[in-house]
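In what follows, every chain begins at residue 1, and chains take the letters A, B, ... in the order their sequences are listed. What you are looking at is a predicted structure, and each value in this text was computed from that prediction instead of being measured.
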Amino acid sequence: MPELPEVHTIAKELNKKVSGRAITDYWSDWPKSIKSSNTTKFKKELIGLRIKSVDRIGKNIVFHLSREKVLLIHQKMTGHLMVGRWSVKKRSNKWVVESEIRGVFQERVNQYIHNIFYLDNEGMIALSDMRKFGKLYLGSKKEVLGLPEIKNLGPDALNITQEEFNKRIAKKKKAIKLTLMDPSVVAGIGNIYADEILWSARVHPLRSSNSISNKELRKVFKYTKEILDKAIKLRGSSVGDYRDASGEKGSYSDHMLVYRLTGSPCKRCATPIERAKAGQRSAHFCPRCQEL
DNA sequence: TGCAGTGTTGCTTC
DNA sequence: CGAAGCAACACTGC
């Protein structure tokens with residue numbers, strides 16, 4: 001999935017492109033995406049509402065709608081929202097989504113679009129999501145803020161203070177990599193950026209969180225901010241089929257220093273990068289720069 | 001061919 | 001309470 005920089009990029013772009021628009025229709029061939037009610041009710045409640053603004057909470061995209069309603073979208077692993085135009089047809093009992101390219105709708109380009117929101121200016125917002133983990137919730141502000149994925153969220157990685165950061169990390173005993181990725185500790189850091197941050201800070205991903213010195217925590221904090229800021233400037237990373245809301249790739253991927261670089265020489269000391277397991281996730285690190 | 005691995009996180013189990 | 005493992009799903013690469 002998109003991590004903080006990718007979600008941030010998409011939310012900002014959506015805010016610019018769809019604020020002020022009303023939602024006129026909704027289509028989906030994967031009703032399981034909707035978590036707040038069934039498709040019929042969701043559609044009935046959604047149609048007619050106007051998008052006031054779009055922002056994010058952690059990795060969730062938040063559409064602030066008229067009548068104090070909120071549409072929350074979590075893109076999970078492979079989801080990405082896009083603004084454009086598509087045509088949906090049923091062919092031998094299967095839905096086919098065609099993209100508009102230079103005024104012509106072409107088949108087989110968007111086989112992963114499972115949700116489309118139609119707008120009152122002929123535009124559309126689509127959720128492309130290969131693995132179909134993406135989730136949609138529609139509700140009042142209060143209902144949405146009460147969802148566990150919002151309520152349990154720690155401070156945002158871009159806003160957290162050094163003090164709070166240290167305190168929250170020192171409380172945990174699990175691997176620092178897992179703590180950085182734990183949304184209830186700090187919101188926004190995922191697998192890619194956790195590896196990048198720890199490499200820059202020279203902290204081994206499997207060190208237990210409560211063993212990290214204050215001096216090291218200062219570096220982890222500093223690189224968290226620096227790396228996320230830089231990634232936002234570059235419009236995120238494109239791993240797999242991630243694209244921003246206009247369908248463009250993010251370019252931070254070209255700047256990655258350890259993520260998925262197992263066996264390549266460390267950019268600092270040329271020692272081959274290794275891969276280890278932290279929980280069910282893999283961690284990439286330099287065994288020389290990042291001592292256990 | 002089969003299976004481990006892939007951007008997330010809530011839930012279950014211990 | 002915390003930590004660990006699993007599930008949701010489709011696809012890739014060894």
Worked check of side chain to side chain contact (heavy atoms under 4.5 Å, CB included) between F285(A) and L198(A): CA-CA 8 Å; F285(A) 64 100; L198(A) 292 172; over 6 Å; no
Pair F63(A)-I23(A), side chain to side chain contact (heavy atoms under 4.5 Å, CB included): steps then yes or no: CA-CA 11 Å; F63(A) 291 81; I23(A) 297 169; over 6 Å; no
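A close approach under 4.0 Å does occur between a side-chain nitrogen or oxygen of H74(A) and OP1 or OP2 of dT9(B). Look at Y112(A) and you'll find a side-chain N or O under 4.0 angstrom from OP1 or OP2 of dC11(C). In this structure, K277(A) reaches the dG5(B) phosphate: one of its side-chain N or O atoms is under 4.0 Å from OP1 or OP2.
If you check every strand for non-hydrogen atoms under 4.0 Å, G190(A) touches sugar and phosphate atoms only. Nucleic acid contact for K171(A): none, since no nucleic acid atom lies under 4.0 Å from a heavy atom of the residue. At the heavy-atom level, R260(A) lies under 4.0 Å from the strands shown only through sugar-phosphate atoms.
Spacing of P atoms, dT1(B) relative to dC9(C), comes out at 24 Å, to the nearest Å. Using atom P as the reference point in both dG5(C) and dA4(B), the two lie 15 Å apart (nearest Å).
The nearest whole Å value for the distance from the CG atom in D195(A) to the P atom in dG5(B) is 15 Å. One atom, CD of E3(A), and another, C1' of dT9(B), lie 13 Å apart when rounded to the nearest Å. For the pair I150(A) CD1 and dT9(B) P, the interatomic distance rounds to 10 Å; values are reported in whole Å. Rounded to whole Å, atom P of dG5(B) lies 16 Å from atom CZ of F133(A). Rounded to an integer number of Å, the gap from CD of Q75(A) to P of dA8(C) is 22 Å. Counting to the nearest Å, the P atom of dT8(B) and the OH atom of Y137(A) are 16 Å from each other. One interatomic measurement links the two molecules: CG of L4(A) to P of dT9(B), which rounds to 11 Å at whole-angstrom precision. One atom, CG of D129(A), and another, C1' of dA8(C), lie 11 Å apart when rounded to the nearest Å.
In this structure, K142(A) NZ and L147(A) CG are separated by 13.0 Å, a value rounded to the nearest 0.5 Å. A distance of 11.5 Å separates CG of N115(A) from CD1 of I125(A), quoted to the nearest 0.5 Å. Rounding to the nearest 0.5 Å gives a distance of 11.5 Å between CZ of R50(A) and OG of S19(A).
The nucleotide whose nearest atom lies closest to any side-chain atom of S282(A) is, among dT6(B), dC11(C), dT8(B), dT6(B). Of all nucleotides listed (dC11(C), dC9(C), dT8(B)), dT8(B) comes nearest to the side chain of M77(A). When each of dA8(C), dT8(B), dT6(B) is scored by its nearest atom to the side-chain atoms of R275(A), the top-ranked nucleotide is dT6(B). Between dC6(C), dC9(C), dT9(B), one nucleotide has an atom nearer to the side chain of Q280(A) than all others, and that is dC6(C). Picking from dG5(C), dA10(C), dT8(B) the nucleotide with the shortest atom distance to the side chain of R131(A) gives dA10(C). Nearest nucleotide to the K59(A) side chain, out of dC9(C), dA3(C), dT9(B): dT9(B). When distances run from any side-chain atom of K174(A) to the nucleotides dT9(B), dA4(C), dT6(B), the shortest one goes to dA4(C). Here the nucleotide nearest the side chain of K32(A), chosen from dT9(B), dA8(C), dA10(C), is dA8(C).
Between F42(A) and Y26(A), the two ring planes are perpendicular [angle over 60°; tilted spans 30° to 60°].
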Tabulate atom names and distances for all N/O pairs under 3.5 angstrom spanning the protein and nucleotides 12-14 of chain B.
none

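Look at D195(A) and R260(A) and you find no salt bridge, because none of the NZ, NE, NH1 or NH2 atoms lies under 4.0 Å from a carboxylate O. Taking the charged nitrogens against the carboxylate oxygens, K167(A) and E164(A) do have a contact shorter than 4.0 Å, which makes a salt bridge.
Judged purely by atom type and a 3.5 angstrom limit, E196(A) has no side-chain atom pairing as donor or acceptor with the backbone of M256(A).
Take the nearest nucleotide of DNA chain B for P148(A) and for H80(A): the residue whose nucleotide is more 5' is H80(A).
Paired regions of DNA chain B, where each region holds three or more successive Watson-Crick or G-U pairs whose two hydrogen-bonding distances fall under 3.5 Å, are B:2-6 with C:10-14, B:8-14 with C:2-8.
Between W199(A) and H284(A) the shortest side-chain heavy-atom distance does not fall below 4.5 Å. When side chains are defined from C-beta on, S33(A) does not count as touching L127(A), because their heavy atoms never get closer than 4.5 Å.
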